[in-house]
Amino acid sequence: MSTAAQQKANRIYRARLEQRGFKRFEVTARATDRDLLRALARRLTEDGPDVDQTRSAVRELVANVSSQPGGILLALRRSPLVGADLDLSRERINGRRVDL
């Protein structure tokens, strides 16, 4: 538990950040990516042309991730098995007899 003084300090600190245009948020990721994500977040808080290049590169990488409906269907259509004429039929089994 944090004390009232700690809570007040956090509130003041976050208000100052918000005045500078920053917003605090939580990200869920793998533990191995922790340092990478922190370094990226730190880098994005800076100003300058290098940061703009970094931001553009990250946007380009994540733009390829489709969040549109039907993404699974599109992925299946790009599959190398398309047109392979696989026979996926199987014998229908009604189940087993059970004594109750």
Side-chain angles (χ1 to χ4, degrees):
M1 293 300 267
S2 55
T3 65
Q6 289 172 327
Q7 290 174 355
K8 182 180 178 183
N10 277 337
R11 241 185 353 264
I12 292 170
Y13 172 70
R14 290 177 182 162
R16 280 196 321 259
L17 283 179
E18 196 165 331
Q19 287 174 350
R20 292 174 38 206
F22 294 105
K23 186 69 178 169
R24 185 179 187 277
F25 55 92
E26 183 175 330
V27 176
T28 303
R30 295 181 187 268
T32 55
D33 293 334
R34 180 181 182 165
D35 293 335
L36 172 66
L37 290 173
R38 284 185 166 188
L40 179 61
R42 195 174 309 114
R43 173 102 183 203
L44 292 175
T45 62
E46 300 169 355
D47 290 325
D50 291 342
V51 177
D52 292 337
Q53 289 176 345
T54 302
R55 195 173 278 118
S56 296
V58 171
R59 278 193 183 122
E60 186 177 320
L61 284 172
V62 298
N64 294 334
V65 177
S66 175
S67 62
Q68 299 289 330
I72 293 174
L73 180 60
L74 292 174
L76 291 173
R77 286 182 177 165
R78 288 190 306 262
S79 169
L81 296 176
V82 170
D85 292 330
L86 298 175
D87 181 18
L88 299 176
S89 62
R90 62 183 188 167
E91 181 181 334
R92 174 112 177 134
I93 300 174
N94 292 330
R96 62 177 191 232
R97 297 183 63 158
V98 178
D99 285 335
L100 297 177

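Side chains included, hydrogens not; waters and symmetry mates left out as well; all remaining heavy atoms used.
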side-chain hydrogen bond (donor to acceptor under 3.5 Å, both in side chains) partners of residues 13-35, not counting sequence neighbours, each pair once: none

Residues passing the side-chain contact (heavy atoms from CB on, under 4.5 Å) test with Arg97, sequence neighbours excluded, are none

Sorted by chain and residue number, the side-chain hydrogen bond (donor to acceptor under 3.5 Å, both in side chains) partners of Asp87 (sequence neighbours excluded) come out as Ser89

Kindly write out the residues that satisfy side-chain hydrogen bond (donor to acceptor under 3.5 Å, both in side chains) with Arg38, not counting sequence neighbours, or none if the list is empty. none

ILVMFWY cluster membership beyond Val27 - transitive side-chain contacts under 4.5 angstrom: Phe25, Leu37

Would a hydrophobic clustering, with Ile, Leu, Val, Met, Phe, Trp and Tyr connected at side-chain separations under 4.5 Å, put Leu36 with Val58? no

Pairs flagged by salt bridge (charged side-chain N to carboxylate O under 4.0 Å, His left out) wherever residues 40-58 is involved - sequence neighbours left out: Asp52-Arg55

Please identify each residue that fulfils side-chain contact (heavy atoms from CB on, under 4.5 Å) with Arg90, with sequence neighbours left out. none

Remaining members of hydrophobic cluster (4.5 Å side-chain criterion), Ile93: none

For Thr45, give me all partners under side-chain hydrogen bond (donor to acceptor under 3.5 Å, both in side chains), at least two apart in sequence or on another chain. none

About how many Å separate CG of Leu40 and CG of Leu44, when rounded to the nearest 0.5 Å? 4.5 Å

Tell me every residue that passes side-chain contact (heavy atoms from CB on, under 4.5 Å) with Val82, counting only those two or more places apart in sequence or in another chain. Ser79

